[in-house]
Amino acid sequence: MARDPKYDILFDKVKIGPKVSPNRFFQTSHCAGVGSERPGTQAMFRGTKAEGGWGVVFTEFCSIHPESDEFPYTSARLWDEGDVRNLRPMCDEIHKHGGLSGVQLWYGGIHSPRLESREVSRSASCLPSNLLPARTLYAAECDEDDIKAVINMYVLAAKRAQDAGFDLLEVTAGDSTFPVQFLERRYNKRTDRYGGSLENRARVYIEIMTALKKACGDTSAITTRYEIDTLQGPHGLEAKDEGIRFVELMHKEGVCDLWAVKIGDYEEWGEDAGTSRFRKSGWMLPFVKEAKSVVGSTPVVVNGRYTSPDDMVAVIRAGIADIIGAARPSIADPFLPKKIEDGRPEDIRECIGCNQCVSKFNQSGLLNCTQNATAMEEYRRGWHPERFSRAKDPCSVLVVGGGPAGMECARVLGERGYDVHLREAEAELGGHLRNVIRYPRMNEWGRVTTYRQLQLSKMKNVEVHLGVGKMTADDILAYGADKVVIATGSHWATDGLGAEGHGTLPGCDASLPNCLTPEQILAGKPIPGERVVVLDGDGHFTGVSMAELAADLGKKVTLVTNMSDPAEYSQFTMEVQNNKRMLHEKGVDILRNHWVESYQDGKLTLFYLYRHGSALIDPEVGRMPRHESTAVTVLDVDAVILVTSRVPNHELFAVLKQRRGEWEANGLQGVYKVGDCNAPRQISDAVFDGHRLGREFDSPHPQYPLPWIRERQLWGAETVPALGDSRPAVEPAT
Ligand code: SF4
């Protein structure tokens with residue numbers, strides 16, 4: 001099908017310095033955890049996006065020198081020839097599909113952890129990092145030779161980037177990097193010509209861009225990513241003040257071929273990568289709209305988790321930006337542009353704004369995606385997001401349970417040509433997501449279901465049966481399917497079972513009126529009284545959502561957690577600050593590092609996890625080998641909401657296994673389990689589980705994953721650099 005002409009504007013070519021982007025789709029730099037260390041994964045992950053129509057595809061942030069070492073996090077690197085060799089395949093893959101490749105040149109200054117290189121970073125002033133204060137991170141204050149040295153590092157890295165094949169060389173002045181450490185008053189305490197006035201503080205940033213323009217600008221586009229508002233008020237850069245005045249200063253110099261404009265500094269990264277719980281698509285526009293009027297015909301990129309082509313067109317027609325930047329929408333659907341071009345935008349797998357992707361990077365892991373199970377698996381498992389191998393031996397498959405894992409498994413099996421029946425007990429697909437999307441702020445997560453529902457409905461070889469009630473083992477044996485996939489999900493513990501002590505909680509029993517699980521609340525069980533405690537031993541979104549839900553009902557809420565922070569996982573999804581702001585706004589009290597001794601007669605007795613003494617005493621059977629404390633905190637409570645742990649619904653699978661002897665007589669060849677009924681996990685893991693089983697359904701033992709390609713140095717292989725090699729000088733000659 002041809003694309004709708006109203007979207008033609010999205011496919012206009014855009015000139016970026018000496019380069020031309022084939023369209024207005026631009027994958028801005030985003031973390032993935034691959035860097036230069038996993039060249040195959042990097043190449044195929046980014047290359048697949050170019051294949052899917054993204055006109056420009058960037059690396060993650062790319063360290064220009066060992067002084068700016070992000071380890072234990074994984075950045076790309078352009079430190080030496082070895083990195084050039086490992087990033088070149090990415091450029092080749094992008095070029096193969098007609099895209100432009102971009103690299104984000106990063107020098108972190110005081111925020112570089114440097115746990116691998118142990119070298120000293122440099123910055124405007126010698127200050128401790130406000131991002132990683134507990135790590136005793138300082139950078140050395142630059143003298144003018146140091147400034148020239150760092151500028152040289154940018155130039156040398158840019159030349160290596162050209163050698164690797166990169167088309168766009170982007171200086172990042174996002175996330176409080178070196179240029180911003182000079183630009184922002186709070187980082188720059190200098191009194192020389194690089195400190196004081198805005199013109200002085202802007203000098204380093206402009207000198208870096210000028211040096212790159214001179215060294216590489218004839219053949220490469222020299223671009224920047226710029227945080228126009230750090231969201232710190234007058235303490236940082238403000239869009240209406242120095243934020244826009246800097247754009248004027250730099251634009252006058254004519255050294256920038258494209259502006260990728262964002263908001264939020266490193267501390268407020270979660271406002272740049274805003275989650276759908278707190279930010280709806282396009283939230284940055286009020287801040288970035290000024291930039292275009294200043295820079296004239298120089299292209300401006302705006303991000304904002306755009307997944308709707310209509311919204312994208314509106315932004316461009318309004319003259320706010322020329323190019324639609326995207327990180328997460330390009331992860332969730334690498335083929336988003338192609339689907340618009342092919343006239344099937346309804347097939348776009350829209351990002352849900354959950355930030356699972358970046359949460360994995362923030363744990364020093366590899367990115368994964370709730371919506372797109374193939375992200376990062378393109379090379380190591382050979383998975384393409386839009387292509388599926390045909391089933392070697394097509395057969396009929398019954399999938400029991402229409403939650404995330406069941407839906408995804410049925411979708412993949414359907415794409416592969418199996419004859420699939422997906423049977424869901426309830427009247428709607430979604431599994432536990434049916435509840436989750438009714439928590440406050442969570443409605444965008446419903447896209448996990450709606451995308452799969454539509455795709456399943458398009459496949460003639462897939463039947464979806466809703467509202468069929470719970471299937472028994474007898475039902476399944478009599479069903480007549482060749483193979484069965486059990487995807488029956490999980491439920492919240494009704495007795496307080498959780499990670500803390502791995503035991504149930506005395507007096508906590510959700511069969512009582514004053515004890516509730518999230519499922520019961522969503523099913524309409526009333527929360528009695530005024531004083532409500534949410535017991536959060538889960539640490540993700542459910543505990544804070546229940547607290548918000550109860551507070552919105554007018555309850556006086558206390559969130560009790562065994563962790564050091566409310567919704568501790570949100571430090572990884574970067575919602576931690578906004579979770580705290582929200583809880584504060586709603587008047588929710590927080591008790592950290594506490595757990596439950598008992599809940600009796602409206603008294604919730606809590607203990608501090610670290611109440612016993614720090615010294616060890618001689619061991620004795622039946623006693624804690626510390627000076628024991630019996631100190632407790634007792635709260636008068638009308639209701640307790642149990643968000644302690646989830647319990648797998650695995651009974652059906654267990655019974656079917658027990659009745660293995662009856663399989664053959666019923667024509668049943670295999671029974672498998674996926675998702676939470678195997679082990680409760682995050683939704684991204686459940687989707688992955690279902691996807692993997694579908695992809696490997698005709699392997700010898702489908703329940704167990706096939707090996708994948710592991711990218712690491714094999715002993716005896718060449719190292720680059722080798723011991724004794726020299727490093728190009730960056731310091732000016734003295
Ligand atoms: Fe979007 Fe969530 Fe996927 Fe990240 S993990 S790209 S936020 S759907």
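One-based numbering, in listed order, for ligands and for the atoms of each. Note that these values count all heavy atoms, side chains included, but never hydrogens, waters or copies made by symmetry.
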Beyond-backbone contact of H432 with R646, side-chain heavy atoms, under 4.5 angstrom: yes

Closest heavy-atom contact between [X] and [Y]?
{"X": "G33", "Y": "E60", "result": "N-OE2, 4.2 Å"}
{"X": "L87", "Y": "R77", "result": "CD1-O, 3.5 Å"}
{"X": "R305", "Y": "G274", "result": "NH1-O, 2.9 Å"}

By side chain to side chain donor-acceptor pair (under 3.5 Å) - contacts of R24 (at least two apart): D12

Distance below 2.8 Å from atom 1 (Fe) of ligand 1: protein N/O/S atoms: C351 SG

More than 12 heavy atoms from other groups under 6.0 Å of NZ on K289: no

